[in-house]
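Some notes on the structure that comes next.
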Amino acid sequence: MDMDAEKSFWATMTHGEKLFFVVANGNAASFAYERLQLHLEAARVQMSRIEEAIRRSQSWPPEPSSGASQIEMRDYIRQGSSRMAWGGCRNMLETLVGQPEMLAAKRVFDGYRKEFDHYVAGRNSFEHYHDRLPGRRDEDRVREIQPDPNAGAHRVYSGFRECKYVHSDMAWDISRNSLALLERIVEEVLSVVDATIDEGFLRKGMSA
């Protein structure tokens, strides 16, 4: 392959494919780069389902075949908090920015680490729901709250209020705003990742 043909070949490669040549663990990084998009697309699909379930539950009179819409809405909200792909996106981003060549991207990601931790905690509250019921081993993890000073304190094991999933003394936005935030974080981190890949290719003389 002559030099021009070789550079043309490099130019056709995606950033995910180029990772093989510019980071220490190219296999893991390339897998994470491609897998990240799958998690993000899953979040978009799930958000559409949540919105549809909420819309059907609020219709009056109930739409035909939507007699169980309230149960359906709760199921989708449950799926939304546990499968919103925040955890999956976090894991893939951590693999990407964990490469020694990706320190600049890691600084961007670290600025959002608390957001990921918050949503993963929401997922965990569902996955370990049974352990936090009264009399179970983790019941003390559900704190008492007293939003109304004129009413007694109580515990919230799960619920839905104003487009938020609530558990204990915490709340997670599961509206489209949370999806927009996730998309923005991924875009910001990947913009630095992509720039680092391009710089690495340029240093190696592999750019067109």
Side-chain angles (χ1 to χ4, degrees), residues 32 35-94 96-97 105 108-133 141-148 151 153-193:
R35 189 74 180 180
L36 175 61
Q37 298 305 320
L38 294 179
H39 286 294
L40 198 55
E41 184 57 33
R44 296 181 181 120
V45 172
Q46 195 61 52
M47 178 55 64
S48 296
R49 291 175 176 173
I50 292 172
E51 289 177 333
E52 175 61 16
I54 292 174
R55 186 190 67 79
R56 292 179 62 185
S57 73
Q58 293 175 340
S59 65
W60 187 262
E63 296 180 4
S65 76
S66 65
S69 59
Q70 186 68 23
I71 296 175
E72 181 182 76
M73 181 184 71
R74 292 182 183 276
D75 286 343
Y76 279 132
I77 291 168
R78 181 176 295 109
Q79 293 175 32
S81 64
S82 63
R83 300 178 188 174
M84 233 343 221
W86 278 85
C89 286
R90 181 194 64 176
N91 294 341
M92 296 304 101
L93 287 172
E94 282 185 331
L96 280 172
V97 305
V108 176
F109 173 76
D110 285 346
Y112 293 109
R113 193 174 290 275
K114 288 184 178 179
E115 297 286 352
F116 283 102
D117 290 346
H118 179 66
Y119 276 92
V120 170
R123 178 199 65 192
N124 290 341
S125 76
F126 262 119
E127 290 183 349
H128 304 288
Y129 176 84
H130 60 288
D131 291 327
R132 302 182 185 192
L133 293 174
R141 298 188 65 177
V142 181
R143 298 185 177 92
E144 287 192 342
I145 62 172
Q146 190 174 5
D148 184 351
H154 66 283
R155 292 181 175 179
V156 178
Y157 293 94
S158 72
F160 176 65
R161 181 180 66 245
E162 297 177 352
C163 294
K164 292 183 178 180
Y165 159 61
V166 294
H167 171 78
S168 187
D169 59 345
M170 301 181 71
W172 293 265
D173 186 346
I174 57 172
S175 71
R176 190 158 290 272
N177 290 333
S178 66
L179 175 62
L181 173 60
L182 178 60
E183 290 176 326
R184 179 167 61 83
I185 294 172
V186 170
E187 182 180 0
E188 287 186 21
V189 176
L190 285 187
S191 68
V192 182
V193 168

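Side-chain atoms are counted along with the backbone in the values below, which use heavy atoms only and exclude waters and symmetry mates.
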_Can you list everything that forms a side chain to side chain donor-acceptor pair (under 3.5 Å) with Glu94? Sequence neighbours excluded, please._
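In terms of side chain to side chain donor-acceptor pair (under 3.5 Å), with neighbours along the sequence ignored, Glu94 is linked to Arg113.
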
_Once salt bridge (Lys or Arg N to Asp or Glu O under 4.0 Å) is applied, do any residues pair with Glu115, and if so which ones, sequence neighbours excluded?_
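Residues passing salt bridge (Lys or Arg N to Asp or Glu O under 4.0 Å) with Glu115: none at all.
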
*Starting at CD1 of Ile185, measure out to CZ of Arg90 and round the result to the nearest 0.5 Å.*
12.5 Å

*How many angstroms lie between atom CD of Glu187 and atom CG of Leu40, to the nearest 0.5 angstrom?*
10.0 Å

*Between Phe116 and Phe109, how do the two ring planes meet: parallel, tilted or perpendicular, split at 30° and 60°?*
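Tilted: the ring planes of Phe116 and Phe109 meet at 30° to 60°.
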
*asked:* For Gln37 and Leu190: C-alpha separation, side-chain torsions, deciding distance, then whether side-chain contact (heavy atoms from CB on, under 4.5 Å) applies.
replied: CA-CA 11 Å; Gln37 298 305 320; Leu190 285 187; 3.4 Å; yes

*asked:* With side-chain contact (heavy atoms from CB on, under 4.5 Å) as the test, pick out the partner of Trp86 among Leu181, Asn91, Leu179.
replied: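 With Trp86 as partner, side-chain contact (heavy atoms from CB on, under 4.5 Å) holds for just one option, Leu181.
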
*Could you pull out all residues at least two apart from Leu38 that satisfy side-chain contact (heavy atoms from CB on, under 4.5 Å)?*
Arg35

_Restricting to side-chain contact (heavy atoms from CB on, under 4.5 Å), what partner residues turn up for Glu41, sequence neighbours left out?_
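In terms of side-chain contact (heavy atoms from CB on, under 4.5 Å), with neighbours along the sequence ignored, Glu41 is linked to Arg44, Val45.
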
Least distance between heavy atoms, [X] atom then [Y] atom:
X: Ser48; Y: Arg176; result: OG-NH2, 4.0 Å
X: Ala43; Y: Leu182; result: CB-CD2, 4.2 Å
X: Ser178; Y: Tyr119; result: CB-OH, 3.2 Å

_Walk me through whether Val97 and Val189 qualify under side-chain contact (heavy atoms from CB on, under 4.5 Å)._
CA-CA 9 Å; Val97 305; Val189 176; 3.9 Å; yes

_Non-neighbouring partners of Tyr112 that pass ring-ring contact (aromatic ring centres under 6.0 Å, His included), sequence neighbours left out_ =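 By the ring-ring contact (aromatic ring centres under 6.0 Å, His included) rule, Tyr112 matches no residue at all.
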
